[in-house]
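Just below is one structure, and these are the notes that go with it.
Sequence positions, counted from 1, serve as the residue numbers for this chain. These figures come from a predicted structure and were not determined experimentally.
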Amino acid sequence: MDSNPPGGIRIHATDFNPMFIAQLQTKLAENPSWPVKVDTMDACNLTFPDNTFDLSVTTFVFSDLSDDVAAASHILRTLKPGGTGVVAVWKEMPWHVALEIAHHKTRGADEPMAPFLSKSWYKKEKPAQVAKDAGWKDVKFVDRTAWLNLGADLKRWVTIAWTFLATPVGG
């Protein structure tokens, strides 16, 4: 974010994970001009009043939620009439297949997948169905290219990827 944000802008940042909240608060301490209010909040049960936001942006959250339709419903509920909800998800996750295969090899085909692996948010059908079930109208899907630079430390990435296999089935 720009070190000199435009006047009148207000940002409400929420997360359920205290680690991410702490990281943001550290960043905000370094950038006190940012107009950000931080709250620990479950995306499936937002406590903001109805018709609060002109824009709601949710990035890479839905694959980890217990009730994605509830979260999408809360986004819609908190948007002002004519507001815009943006949900960013990966279009492709080629490493997902490798983790699914590893899951089945290490836990067996009958063992349920860990929450992150069990949802197919990178397939257009899943977010489309959730948006429909939550009552969203005029949904548009837009592709954008983004790259994650893993650097030379591929071992770190593999360690992170393997932690998905260690996730208990219940979350």
Side-chain angles (χ1 to χ4, degrees), residues 1-93 95-96 114-117 119 121-122 126-127 130-131 134-136 139-164 166-168 170-171:
M1 186 153 115
D2 190 340
S3 60
N4 296 308
I9 189 173
R10 291 180 326 209
I11 299 169
H12 294 269
T14 65
D15 203 298
F16 194 66
N17 187 326
M19 179 185 73
F20 293 131
I21 294 291
Q23 287 175 349
L24 177 57
Q25 287 173 329
T26 299
K27 195 69 161 169
L28 291 173
E30 297 168 6
N31 298 280
S33 67
W34 291 2
V36 180
K37 183 177 184 323
V38 181
D39 286 304
T40 301
M41 198 177 300
D42 184 349
C44 300
N45 189 24
L46 298 176
T47 59
F48 297 111
D50 294 356
N51 306 315
T52 299
F53 301 110
D54 298 306
L55 174 65
S56 176
V57 179
T58 306
T59 55
F60 309 105
V61 170
F62 274 81
S63 60
D64 293 325
L65 296 176
S66 62
D67 189 346
D68 40 27
V69 174
S73 297
H74 276 279
I75 292 169
L76 183 61
R77 178 187 63 74
T78 60
L79 282 171
K80 293 178 182 176
T84 300
V86 176
V87 176
V89 297
W90 296 112
K91 179 182 175 186
E92 297 177 37
M93 295 186 340
W95 48 269
H96 188 272
F116 176 80
L117 294 175
K119 297 183 181 179
W121 266 91
Y122 58 94
K126 178 65 174 174
V130 168
W136 288 39
V139 175
K140 297 176 186 149
F141 291 88
V142 179
D143 290 348
R144 294 289 184 255
T145 300
W147 296 96
L148 174 62
N149 184 354
L150 299 173
D153 190 1
L154 196 54
K155 181 178 179 183
R156 179 179 177 275
W157 182 88
V158 170
T159 301
I160 291 169
W162 276 101
T163 62
F164 290 123
T167 304

Least distance between heavy atoms, Pro81 atom then Asn51 atom: CD-OD1, 3.8 Å
Under the ring pair (Phe, Tyr, Trp, His ring centres under 6.0 Å) test, which residues partner Phe141, sequence neighbours left out? none
Distance (rounded to the nearest 0.5 Å) between Phe48 CZ and His74 NE2: 11.5 Å
Run the side-chain donor-acceptor check on residues 11-20: report pairs under 3.5 Å with partners two or more places apart or on a different chain.
| residue | atom | partner | partner atom | Å |
| --- | --- | --- | --- | --- |
| Asp15 | OD1 | Asn17 | N | 2.8 |
| Asn17 | OD1 | Met19 | N | 2.8 |

Show the nearest heavy-atom pair for residues Leu76 and Ala134, with the distance to one decimal. CD2-O, 3.5 Å
Working to the nearest 0.5 Å, report the span between CH2 of Trp136 and CG of Leu79. 7.0 Å
Thr26: what forms a side-chain contact (heavy atoms from CB on, under 4.5 Å) with it, not counting sequence neighbours? Glu30
Counting C-beta onward and ignoring hydrogens, is there a side-chain heavy-atom pair between Phe62 and Lys126 closer than 4.5 Å? no
Under 3.5 Å, which donor-acceptor pairs do the side chains of residues 35-47 form with other protein atoms, sequence neighbours left out?
| residue | atom | partner | partner atom | Å |
| --- | --- | --- | --- | --- |
| Lys37 | NZ | Asp39 | OD1 | 3.3 |
| Lys37 | NZ | Asp39 | OD2 | 3.3 |
| Asp42 | OD1 | Cys44 | N | 2.9 |

Partners passing salt bridge (charged side-chain N to carboxylate O under 4.0 Å, His left out) against Lys80 (at least two apart in sequence or in another chain): Asp54
For Lys155, give me all partners under side-chain contact (heavy atoms from CB on, under 4.5 Å), at least two apart in sequence or on another chain. Asp153, Thr159
Any residue meeting side-chain contact (heavy atoms from CB on, under 4.5 Å) with Asp143, in chain and number order, not counting sequence neighbours: Lys91
With sequence neighbours excluded, residues passing side-chain contact (heavy atoms from CB on, under 4.5 Å) with Val86: Leu55, Val57, Thr84
